[in-house]
Amino acid sequence: MRYARDLFDDFPDPDVFLWNAIIRCHSRHNLFRDALGLYSKMQLLWVSPDSFTFTCVLKACSALPSLEMGRRVQCQILRRGFDSDVFVQNGLVTFYAKCGEIELANKVFWRLSERTIVTWTSMISGYVQNGQPLEALRVYGQMRKTNMKPEWITFVSVLKACGQVGSIDLAKWMDEYIASSEFKDAVVVNTALIDMYAKCGSINLSRDVFNRTKDKDVVMWSAMIAAYAVHGEGQEAIDLFKAMRKAGVPPNDVTFVSLLSACKHSGLVEDGWKLFHCMSEYSIQPRHQHYACVVDLLGRAGYLDRAYEFIRNMPMEPGLSIWGALLTACKIHQHVPLGELAAERLFSLDPYSTGHHVQLSNIYASARMWDRVSKLRVLMKEKGLSKDLGYSSIEINGKLQVFQVGDKSHPRFKEIFEELESLERRLKEAGFSIDAESVLHDLDHEETEETLCNHSERIAIAYGLISTPPGTTLRIIKNLRACVNCHAAIKLISKVENREIVVRDANRFHHFKDGNCSCGDYW
DNA sequence: GTAGGGTTAG
């Protein structure tokens, strides 16, 4: 790289081809700011950029990302008449999507007179990256209507969208479709399939894909380990890691993040601790993320002091995820002093995050320190923090239903609320208090994120109960942060109503049947 | 010599 730059600098009067080459060279080495600097310099020297220059520069703007710089580049593109060049326009779609400006990406996309498979794939993956999987699938549907032939990258984005939606029926349909295509043995596509099935709740189908794929690479092994992690099957993840070593595939840093996260969800503290310390055997430097996993691992298991000690001995400055993990642990184990310490660090690192305030508030509430709860509420109001609305979704007969707190938009909402009341009655009779969180609610008529989630979750459960006959599987998919009481309630419902209930909370699955839950974790 | 991509997780 250095050598290339020296050569370039020695050139008396580089033309646009040379400028393009050196800009691309910097981009390839992740030196995006330098690439953009060179682009500015080139303009100062009156060298006219061409379509190659613009695609490279847009890529650098996307990678940073820098919305402001990209917009300036777009002005140049218009001024110089490159607004019909399909490469440049594809770069623009990607650029806006990577900056989170998905509407602008969409605008550029539909204005184009010509769309290649890359354009379509850029738009689909743009929606996926911005967490809008249904839009991504819609665009894919539109693409199919034009008889455009998908490439393997297109499938990867579509599979990711399916995983985000969480519908197992959709997942199976895509799998069958791909099986009939020329990409059925592609390792990258199969890796995306493994990930998709895991996110749709079926670890067995993930494993089927894994088993049938030859020449597995490190990414595929890691994806399968991550799949076990998300399903709370820590021992399986560790066994797979052993098999991976036996197969002679060296792990990478991502493999270890998945492994450590598998351990922490299964309470395998000592295994996780050993794995963390054996990373150097593979010449992998633990990153901040690995440290965060260990803090989580120790913290969830209740070793709060050990976790704090570990943080203090870290070779790098502990960031958001470290203190966040400690705060979560303090919430689980109701440790007020350490929770306050973690929250203090979080507030200074990220003063305007609602989540951290809510978590600390919940720690206080669980310790019944109501005065501190109110003080915190005042602080939140002063900072102007708004609440994030929690929502839940539920899949019934392949159809996805989304509920938000207090949602009355559903045509059968009256029935739903009645079912909810009857549900609470039945639970109370059985000795469960599902409404513990509403103590907080009653305190000052303001709901925390958590009570909001619980509320929509309960609506979702009620809806599932009135829509499905006993004996069927109920899948509650998104964003559920079921508290201990809700967990107990779902257990009971699975028994009383003879239903299998699959719940996905923030990061893993829980299968409820006959009053039992197969993913234990800390509950 | 240009564009889209698989595993990390609250």
Side-chain angles (χ1 to χ4, degrees), chain A residues 16-25 27-28 49-59 62 82 85-95 97-98 105 109 115-126 128-129 150-160 163 183 186-196 198-199 206 209-210 213 216-230 244 251-262 264-265 287-290 292-293 296 320-321 324-325 327-328 331 353 355-356 359 388 449 479 481 505-508:
Chain A
V16 63
F17 298 100
L18 264 176
W19 278 103
N20 289 347
I22 196 71
I23 289 174
R24 204 177 48 248
C25 211
S27 258
R28 283 218 181 118
D50 62 7
S51 62
F52 290 85
T53 324
F54 284 127
T55 42
C56 289
V57 169
L58 281 173
K59 198 169 189 166
S62 314
F82 285 101
D85 184 287
V86 73
F87 283 87
V88 175
Q89 295 304 313
N90 289 346
L92 266 179
V93 172
T94 309
F95 159 70
K98 290 245 159 85
F109 179 81
R115 292 178 203 95
T116 64
I117 182 60
V118 179
T119 328
W120 285 101
T121 309
S122 302
M123 198 61 236
I124 294 168
S125 77
V128 172
Q129 282 156 20
E151 284 187 12
W152 63 270
I153 300 184
T154 323
F155 282 128
V156 165
S157 288
V158 173
L159 293 177
K160 225 174 173 154
F183 306 113
V187 179
V188 179
V189 175
N190 282 356
T191 304
L193 276 172
I194 290 173
D195 183 49
M196 172 189 73
K199 293 203 165 112
S206 289
V209 178
F210 181 80
T213 310
K216 306 181 226 319
D217 64 3
V218 58
V219 183
M220 179 169 271
W221 283 95
S222 306
M224 195 60 228
I225 291 173
Y228 282 125
V230 95
M244 179 182 177
N252 63 17
D253 57 334
V254 178
T255 319
F256 277 97
V257 176
S258 303
L259 271 171
L260 292 172
S261 114
K264 79 188 188 201
H265 287 318
R287 286 184 291 114
H288 190 267
Q289 211 168 8
H290 298 99
C293 281
D296 213 326
L320 280 172
S321 45
L327 185 64
T328 304
K331 196 195 158 240
S353 153
H356 303 145
Q359 257 187 320
D388 296 322
E449 196 184 347
N479 259 8
R481 296 173 204 193
D505 80 355
N507 50 12
R508 64 207 170 282

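Order of the sequence lines fixes the chain letters, A, B, ..., with proteins taken first and strands second; residue numbering starts at 1 for each chain. Note that these values count all heavy atoms, side chains included, but never hydrogens, waters or copies made by symmetry.
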Specify the closest pair of heavy atoms between [X] and [Y], including all atoms of both residues, with the distance to one decimal.
X        : Y        : answer
A:Thr154 : A:Ile117 : OG1-CD1, 3.6 Å
A:Phe82  : A:Ser51  : CE2-N, 3.5 Å
A:Met220 : A:Val187 : CE-O, 3.6 Å

What does [X] touch in the nucleic acid at a heavy-atom separation under 4.0 angstrom: a base, only the sugar-phosphate, or nothing?
X        : value
A:Gln89  : nothing
A:Trp221 : nothing
A:Lys216 : nothing
A:Thr119 : nothing
A:Asp85  : nothing
A:Val156 : sugar-phosphate
A:Ile117 : base
A:Ser51  : base
A:Asp195 : sugar-phosphate
A:Ala192 : nothing
A:Gln129 : sugar-phosphate
A:Val187 : base
A:Phe17  : base

Establish, from distance only, whether the side-chain atoms of A:Thr119 and A:Thr116 form a donor-acceptor pair under 3.5 Å.
->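 Short answer, yes.
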Between [N] atom [atom2] and [X] atom [atom1], what is the distance in whole Å?
X        : N     : atom1 : atom2 : answer
A:Leu18  : B:dG1 : CG    : P     : 14 Å
A:Met123 : B:dG4 : CE    : P     : 14 Å
A:Phe155 : B:dG4 : CZ    : C1'   : 14 Å
A:Ile153 : B:dG4 : CD1   : C1'   : 5 Å
A:Leu193 : B:dT7 : CG    : P     : 12 Å
A:Leu260 : B:dT8 : CG    : P     : 14 Å
A:Asp253 : B:dT8 : CG    : C1'   : 9 Å
A:Phe54  : B:dT2 : CZ    : C1'   : 13 Å

Candidates [options] - which lies nearest the side chain of [X]:
X        : options              : result
A:Val188 : B:dA3, B:dT8, B:dG5  : B:dG5
A:Val257 : B:dG4, B:dT8, B:dG6  : B:dT8
A:Lys98  : B:dG5, B:dT2, B:dT7  : B:dG5
A:Lys264 : B:dA9, B:dT7, B:dA3  : B:dA9
A:Ser157 : B:dG6, B:dA3, B:dG5  : B:dG5
A:Val219 : B:dT7, B:dG10, B:dG5 : B:dT7
A:Ser222 : B:dA3, B:dT7, B:dG5  : B:dT7

With sequence neighbours left out, the residues meeting side-chain contact (heavy atoms from CB on, under 4.5 Å) with A:Ser62 are A:Phe95, A:Lys98
Any side-chain N or O of [X] below 4.0 angstrom from OP1/OP2 of [N]?
X        : N     : value
A:Ser125 : B:dG5 : yes
A:Thr94  : B:dA3 : no
A:His288 : B:dT8 : no
A:Lys59  : B:dT2 : no
A:Lys160 : B:dG4 : no

Just wondering, do A:Phe52 and B:dG1 stack (centres under 5.5 Å, planes under 30°)? yes
Between the side-chain atoms of [X] and the base atoms of [N], is any donor-acceptor pair under 3.5 Å?
X        : N     : value
A:Asp217 : B:dG6 : yes
A:Ser122 : B:dG4 : no
A:Glu151 : B:dG4 : yes

Sorted by chain and number, sequence neighbours left out, salt bridge (charged side-chain N to carboxylate O under 4.0 Å, His left out) with A:Asp253 holds for A:Arg287
| request: Scan A:Ser222, A:Ser261, A:Pro251 and name whichever one has a side-chain contact (heavy atoms from CB on, under 4.5 Å) with A:Phe256. | output: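 Per the side-chain contact (heavy atoms from CB on, under 4.5 Å) rule, the option paired with A:Phe256 is A:Pro251, out of A:Ser222, A:Ser261, A:Pro251.
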Expected output: side-chain A:Asn90 to main-chain A:Val86 donor-acceptor under 3.5 Å | yes
